[in-house]
Structures are given as structure tokens and as C-alpha cells.
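These notes are about the structure you will find just below.
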Protein chains: 2
Amino acid sequence: MIITNVACSVVEQAGVNTMIDETSLKILKILQEKARIPNVEVARQMEMAPSAVLERIRKMERQGIIDGYEVRLNPDRFNRRQVAFVQVQVSADNTCAGEAFAAIPEVQEVHYVAGDDSYQLKLRVADTEELGRILREKITQVNGVAATRTATVLHTYKETAKLPLLDTVHIKE
Amino acid sequence: MIITNVACSVVEQAGVNTMIDETSLKILKILQEKARIPNVEVARQMEMAPSAVLERIRKMERQGIIDGYEVRLNPDRFNRRQVAFVQVQVSADNTCAGEAFAAIPEVQEVHYVAGDDSYQLKLRVADTEELGRILREKITQVNGVAATRTATVLHTYKETAKLPLLDTVHIKE
DNA sequence: AAAAAACAAAGAAAATAATTCTGCGTAAAA
DNA sequence: TTTTACGCAGAATTATTTTCTTTGTTTTTT
């Protein structure tokens, strides 16, 4: 028995109940391994016709299941060896500190976290010297910044944006 | 005057001095915006012949400047709305804790950080309930874990793996 | 339960794109 | 200056994507 997609093409939009069957899931797993392989190659691995695979991929793109495709550049080759995490305490009245941090190019991530009521930043820089410069000249200059706590990374064991697609996924919303 | 690549094709390997000129940099910027556009489209934007653009891309792939291409999946659609950062204190004698954390599928990042002599983990889970379960059943089960401190994310302002390619980049090693 | 509608997939054909090859011009090295 | 290496354009070849049509299956409706 084959489970097929249900009720997802009526309105192909965010905010509608959607389901992913095993076939689409397998396609995503293949693309997660190597996103820039040709469609025919995905089809070969799927043992399906290229047209059918393409149809599914396009559909997932339209549905916003696939958000896009990214080049992964080697940070080593761009003088961006050093990763650092910075926790920033901001006085309660400043509501746009998050956007200000996000505007700094060396800042790859900006999260507002519960617990300490602070921002968690992830930076990628050349070395600790540049880190210091950005802290001094950019981060502490943002309006309302009270204190920062920096942790430099000595070694990275894992760093991926991959979502675990282990089990069958039923997606709502 | 056009600056061309120098001394990079003698030995195309990691560990060799390399340079990136403005042309290659511009290609990378285009690919960083949308990695799955066809080569001819890149060529159009570059106002160059497709063969020349392809040559450069292939070269950067060989040199390890381009590490690969990734699908970006929408975490919302896969029950992975919740991001959390976990700081883990590990007793000094356990040297393979990092690998153990990395093996957990919900853990997207594992860094060993200076300062507190601890591991910084980034998790992506469905909700706080799942977060609790993974902390209890997986993270604290790793040999040598002494303490954990979790910060759940309330809002993400920025989250990208993009490297800032602002200025001209000269790359060594 | 039967008919109608909706869907997914295969296959063929047409349109596009990738790849290879050749030749030319320019820049660095001898 | 001559040699050598390199990068790029353009044409030819191969490969891939995309569209369209057909068919079988599942779901919904009557």
C-alpha cells in the first residue's frame, strides 16, 4: 500500500495542513547530502522518472518546505577561522538591539534567549584580534548594551544546518 | 587592468597559497544569494561566457574554496521550531564527549569553548518538551557530563551560514 | 457501489543548459 | 624577446530540464 499526499494541493500556501510522504522524504534526504546534483541523478537514485521527481521538488519549493539552496564556503579560505559566541545583556527599553546586531556582517546568528533575558550572538571572524575589534567597535556601540560575555571556540565537532529527517514526518500548519 | 589568478594551479590542493580575484568573488556572491540557479544564469549576471564561469566554479570546488551545496529546509514544516543552546560542563577525563554530542541528530552544532572549559551545543527540536527529553535521555547520559545550562530561544533575528564577502579577499594556506 | 474528479507517475519531445574543445590574446617567467 | 602558462570566448557536442500527454490509481461524490 502506498501512502500519497492528501489535501495539500487545494491551497498550496503556508498555513495549510500538509503531509510529506516517504517518497518526498527520500528525495529531501538525497538533496541534503548533495544539493547540486542534477535532477536525473536524483531520479536514478529514486528509481523514478525525472519528471516525477522534478514535480515533487517544485511542489515542495512552492509549499515552502524547501526554502532554498546555499553554497557552503570553506571559512578557512576566507580568513574566518575563528568562531565566537557572545552573550549580550541589553537594557529593557531598547527593542531594536536584535536588528542592530543582525546588521553586523560578521554576526551570523542573533537569538533572543529566555533565562538571562539576553541576546546570543554567533560570530565568525579572522582571529581573536578581529573579535576584540568588533566587540569594541560594533557590539558594545549598540544602544542599550549593558554587558557582554564572550566564549571563543577552540574546536568545532559539528556544525550543520541539516534537519534530522529520520522518521516519517507529518507536518502541520 | 584585470587582476588574474596567480600561482594557484601549480598544485591545486589544500595547503597551498591561493588568491581570489574580484571575478571569482562576484561569482561567489551570486551563488550565495541563490545556489541552485543554472550556470548560464550566473554567466548572464557576470556578463561572461558560460564556459569561463563554469571553469572558475569547478576550480573553486577543486580547491576546496567551495565546500558544497546545501538544501535549506524550513524547520517550521518539520516540527523543529524550537532552537536551544546548551552549555555542558564535562569532567576533564572524558575526551570523546564532543563526538558523543555530535552523534545526537537533534544537535546541530557542537563547539568546545574556552573560558568555561565547556561544550556549547545548539539544538533544534519540536518544543520544550522534546528539549527536556533529549537533555534527560541523551545529553546528560554522555559519560562525564557534570552540569548543563540551557537557554531556549524566544526569537531569532538572524541565522545564516553565509560568510561576509564584502572586501577583496586574499586567502592563504 | 458506481461514476466522477483529482493525483501521481511514466514516457516522449522540445527547450535549455552543461561540458568539452579549440583558438586567441594577454600576462608572467626565462 | 621568447617561451610558457593562463583565462576567456565561441562553437560543437552531450546531457539535463521542462513541458505535455497518457495511463492507472485513489479519493470523493452521488
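Quick note on labels: first sequence line is chain A, next is B, and so on, each numbered from 1.
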- Query: Is the shortest side-chain N/O distance from B/Arg58 to OP1 or OP2 of C/dT19 below 4.0 Å?
  - Reply: yes
- Message: Under 4.0 Å from OP1 or OP2 of D/dC6: is there any side-chain N or O of B/Lys59 that close?
- Response: no
Could you give the [atom1]-to-[atom2] distance, from [X] to [N], as a whole number of Å?
| X | N | atom1 | atom2 | value |
| --- | --- | --- | --- | --- |
| A/Met46 | C/dA9 | CE | C1' | 12 Å |
| B/Tyr69 | C/dA18 | OH | P | 11 Å |
| B/Glu41 | C/dT16 | CD | P | 13 Å |
| B/Arg36 | C/dA18 | CZ | P | 11 Å |
| A/Asp21 | D/dT25 | CG | P | 18 Å |
| A/Lys26 | C/dA8 | NZ | P | 18 Å |
| B/Asn39 | C/dT19 | CG | P | 7 Å |
| A/Glu47 | C/dA8 | CD | C1' | 18 Å |

- State plainly whether the residues A/Glu55 and A/Arg58 are in salt-bridge range, i.e. N to O under 4.0 Å. no
- When you match B/Leu54 and A/Ala49 each to their closest nucleotide on DNA chain C, which lands nearer the 5' end? A/Ala49
- Can B/Gln141 and B/Glu137 be counted as having a side-chain donor-acceptor contact under 3.5 angstrom? no
The side chain of [X] is closest to which nucleotide in this list: [options]?
| X | options | result |
| --- | --- | --- |
| B/Arg44 | C/dA9, D/dT16, C/dA17 | C/dA17 |
| B/Arg56 | C/dA18, D/dT16, D/dG7 | D/dG7 |
| A/Thr23 | D/dC8, D/dG7, C/dA9 | C/dA9 |
| A/Met48 | C/dA9, D/dT16, D/dT18 | C/dA9 |

- Query: Has the side chain of A/Ser51 got a donor or acceptor that lies under 3.5 Å from a partner of the other kind on the base of C/dA9?
  - Reply: no
Counting the atoms with a prime plus P, OP1 and OP2 as sugar-phosphate, which does [X] contact under 4.0 Å by heavy atoms, base, sugar-phosphate, or nothing?
| X | answer |
| --- | --- |
| B/Ala52 | sugar-phosphate |
| B/Glu55 | base |
| A/Val40 | base |

- Query: Taking the six-membered ring for Trp, is the centroid-to-centroid distance between B/Phe101 and B/Tyr119 below 6.0 Å?
  - Reply: yes
- Identify the residue among B/Leu135, B/Thr148, B/Thr150 that makes a side-chain contact (heavy atoms from CB on, under 4.5 Å) with B/Val88. B/Thr148
- Query: Under the criterion side-chain contact (heavy atoms from CB on, under 4.5 Å), which of A/Glu106, A/Gln108, A/Arg77, A/Arg72 is the partner of B/Leu163?
  - Reply: A/Gln108
